[in-house]
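A, B, ... follow the sequence lines: proteins, then strands. Residue 1 opens every chain.
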Protein chains: 2
Amino acid sequence: MHESVAIKQQIIDVADTRFRRYGFGKTTMAEIAKDCNMSAANLYRYFENKETIGVTICQNCLKEKEMMGKEVLKREGLGAAARLEAFFFEILKYTYDLCANDHHLFELVAYISKEHLDLVQRHQETLRSFIAEILAEGNRTGEFEVADIVSTANTVLLATVHFYYPPLVMMRNHSFEDLVQAEKAVVALLVQGLAKH
Amino acid sequence: MHESVAIKQQIIDVADTRFRRYGFGKTTMAEIAKDCNMSAANLYRYFENKETIGVTICQNCLKEKEMMGKEVLKREGLGAAARLEAFFFEILKYTYDLCANDHHLFELVAYISKEHLDLVQRHQETLRSFIAEILAEGNRTGEFEVADIVSTANTVLLATVHFYYPPLVMMRNHSFEDLVQAEKAVVALLVQGLAKH
DNA sequence: ATAATGAATATTTTTTTGACTATTCACTGT
DNA sequence: ACAGTGAATAGTCAAAAAAATATTCATTAT
């Protein structure tokens with residue numbers, strides 16, 4: 001019945017493991033198939049091609065990052081300013097961990113992002129909507145005074161690119177602590193700018 | 001006497017022309033030498049190697065960009081906020097023009113920047129000092145209220161990376177107008193945050 | 001009809017090889 | 001000593017060949 005869904009998932013799991021350990025390029029369809037006890041040809045009944053497998057894993061990665069941010073939206077006892085700070089802290093942490101520890105996955109994401117611009121765009125769209133939520137909350141509580149929430153959310157996203165865009169996060173061997181300090185400083189300045197005066 | 005300085009300059013001029021037209025990789029030392037009416041071997045009496053020539057041209061490029069920013073520092077009749085805006089506008093304009101029109105030079109800068117991190121760092125250091133000057137002016141005139149000028153200048157630099165870092169400037173085919181609009185929005189938000197309340 | 005396969009074909013990657021270019025050096029002219 | 005050179009060397013790049021891999025397809029199994 002939903003057999004095919006389970007098999008798809010198995011393929012993703014197996015591929016994910018191999019991609020992380022050996023990289024996308026060094027993993028063959030034959031190897032993935034073997035791990036699933038099937039022939040390489042049969043993989044094509046579940047995925048159009050190898051790249052599609054990569055894209056799916058990439059999407060999962062971005063989705064997980066989004067979850068990290070989303071969790072912050074629901075946290076109790078935070079004002080809008082503190083929430084914004086926590087939001088970028090989580091995003092930065094996730095991005096940093098990915099890049100620093102899963103080098104191969106980082107490369108996969110970078111490669112896929114180059115081709116499938118739409119993926120990245122959708123991801124940014126999601127982050128933007130999260131930020132917009134925080135801005136709206138700030139307006140509600142009187143902490144912020146934002147006229148155009150959507151366009152301001154976009155502006156905030158532009159100013160914080162250092163903390164979610166992997167190539168920038170990894171540029172020069174900044175320690176995680178340095179990055180967090182920079183993140184705090186940028187967000188603090190932005191919060192000042194957003195605040196009701 | 002200062003013969004060698006003039007010859008060095010000639011080599012740079014000739015190389016610059018060729019690099020812009022054909023790219024760094026497609027320009028040979030023999031060609032540069034021919035343009036200077038000398039043998040390839042003789043170039044090595046003036047430059048350690050080909051890469052050093054590229055680095056020098058790259059430096060000139062960055063220096064020119066810095067000049068664009070510096071000019072804004074001296075403009076009369078601008079408040080600190082307007083000056084900051086004008087500053088990033090000029091930087092963005094120069095960066096955009098370089099990337100959009102001098103594709104080969106853009107690649108050279110990108111390539112050299114990867115190796116010679118110190119060049120880029122020094123460049124950022126310069127931009128930072130310019131921003132610091134503007135912040136200090138703002139403090140003086142009462143427009144801004146910045147406690148730690150140096151660290152704040154750095155924060156501003158981080159938040160505006162979209163407008164001076166070539167790869168980001170060129171990411172997706174944003175029109176120049178879109179970029180300028182984004183630049184205005186980001187700087188406006190930062191200025192709000194810097195303002196005396 | 002659906003799942004799966006081995007063998008055939010198409011693509012991509014790797015290796016090899018030859019040509020090309022950067023760099024060095026021993027030497028020439030001043 | 002200094003500016004310069006041609007020829008020798010070393011290293012890099014690019015085209016071609018070989019090998020590996022992705023993808024398709026005709027066929028089998030259930």
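- Using cut-offs of 30° and 60° for the angle between ring planes, the Phe130(A) and Phe87(A) rings count as perpendicular.
- Phe19(B) pairs by the ring-ring contact (aromatic ring centres under 6.0 Å, His included) definition with Phe24(B), not counting sequence neighbours.
- Heavy atoms from other residues, nucleotides or ligands lying under 6.0 Å from CZ of Arg75(B) number more than 12.
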- Note on the structure: Reading nucleotides 12-23 of chain D from 5' to 3' and marking B where a protein heavy atom lies under 4.0 Å of the base, S where only the sugar-phosphate is that close, and - otherwise, the string is --S------SSB
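- The separation between Asn42(A) atom CG and dT27(D) atom C1' is 14 Å, rounded to whole Å.
- Spacing between atom CD1 of Ile32(B) and atom P of dA22(C) amounts to 8 Å, rounded to whole angstrom units.
- Across all strands, Tyr46(A) comes closer than 4.0 Å only to sugar-phosphate atoms, never to a base (heavy-atom distances).
- The main-chain N or O of Ile149(A) is never found under 3.5 Å from a side-chain atom of Thr152(A) such that the two would form a donor-acceptor pair.
- A donor atom on one side chain and an acceptor atom on the other are not found under 3.5 Å apart for Asn154(A) and Ser151(A).
- A single hydrophobic cluster is seen to contain both Leu168(A) and Val186(B), as judged by linkage of ILVMFWY side chains at heavy-atom distances under 4.5 Å, directly or through other members.
- Atom P of nucleotide dA3(D) and atom CD1 of Ile11(B) are separated by 12 Å, given to the nearest angstrom.
- Side-chain proximity of Arg45(B) to the nucleotides dA4(C), dG6(D), dA3(D) is greatest for dA3(D).
- To the nearest angstrom, P of dT23(C) lies 13 Å from CZ of Phe47(B).
- Across the protein-nucleic acid pair, Ile53(B) atom CD1 and dT21(C) atom C1' stand 14 Å apart, rounded to whole Å.
- The NZ-C1' distance, from Lys8(B) to dA3(D), rounds to 15 Å in whole Å.
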